[in-house]
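Please read the structure below before turning to the comments.
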Amino acid sequence: MSQRNGCPGPAGAYERTQVGPHITRYLTTGHYFSLLNGGNAVNFLHGASVGPFIFLVQAGIVAASAVLAGGGLCPGMHETGPADRAAIAATRLDYFNQ
């Protein structure tokens, strides 16, 4: 079952097909991509809630972004360093244990 949708970009550029529960494929000439849960976080598909622990994830993203913005990284996989992870954890513990 396909239908045109209002995706960003040229009007009608993508054809949308529901390929399974919670999986939508967007197709145009030469390529396609799939979204799970309408493009929202998959781990919240069944109504989970976000608790304060999400701040650890967000802090990790900010720390990793700062490293990326600093440049000088070789191509490949990288991790947030142990000093940054320890500082994030200590800050969280200090804040939530007050």
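Computed over heavy atoms, backbone and side chain alike; hydrogens, waters and symmetry mates excluded. Here the structure is a predicted model, which is why all the values come from computation and not from measurement.
No continuous path of ILVMFWY side-chain contacts below 4.5 Å connects V62 to I88, so the two sit in separate hydrophobic clusters.
Residues R25 and V19 approach most closely at CB-CG1, 4.0 Å, considering heavy atoms. For the pair R16 and Y26, the tightest heavy-atom approach, listed with the atom from each and the gap, is CD-OH, 3.5 Å.
With hydrogens and angles disregarded, a donor-acceptor distance shorter than 3.5 Å links the side chain of Q18 to the backbone of I23.
Applying the side chain to side chain contact (heavy atoms under 4.5 Å, CB included) criterion to Y95, with sequence neighbours excluded, gives no partner residue.
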Just distance, no hydrogens or angles: give the donor-acceptor pairs under 3.5 Å from side chains in residues 66-84, sequence neighbours left out.
from, atom 1, to, atom 2, distance (Å)
H78, NE2, C74, O, 2.7

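In this structure, CZ on F96 lies 11.0 Å from OG1 on T91, to the nearest 0.5 angstrom.
Applying the side-chain hydrogen bond (donor to acceptor under 3.5 Å, both in side chains) rule to pairs touching residues 29-39 yields Y14-H31, sequence neighbours excluded.
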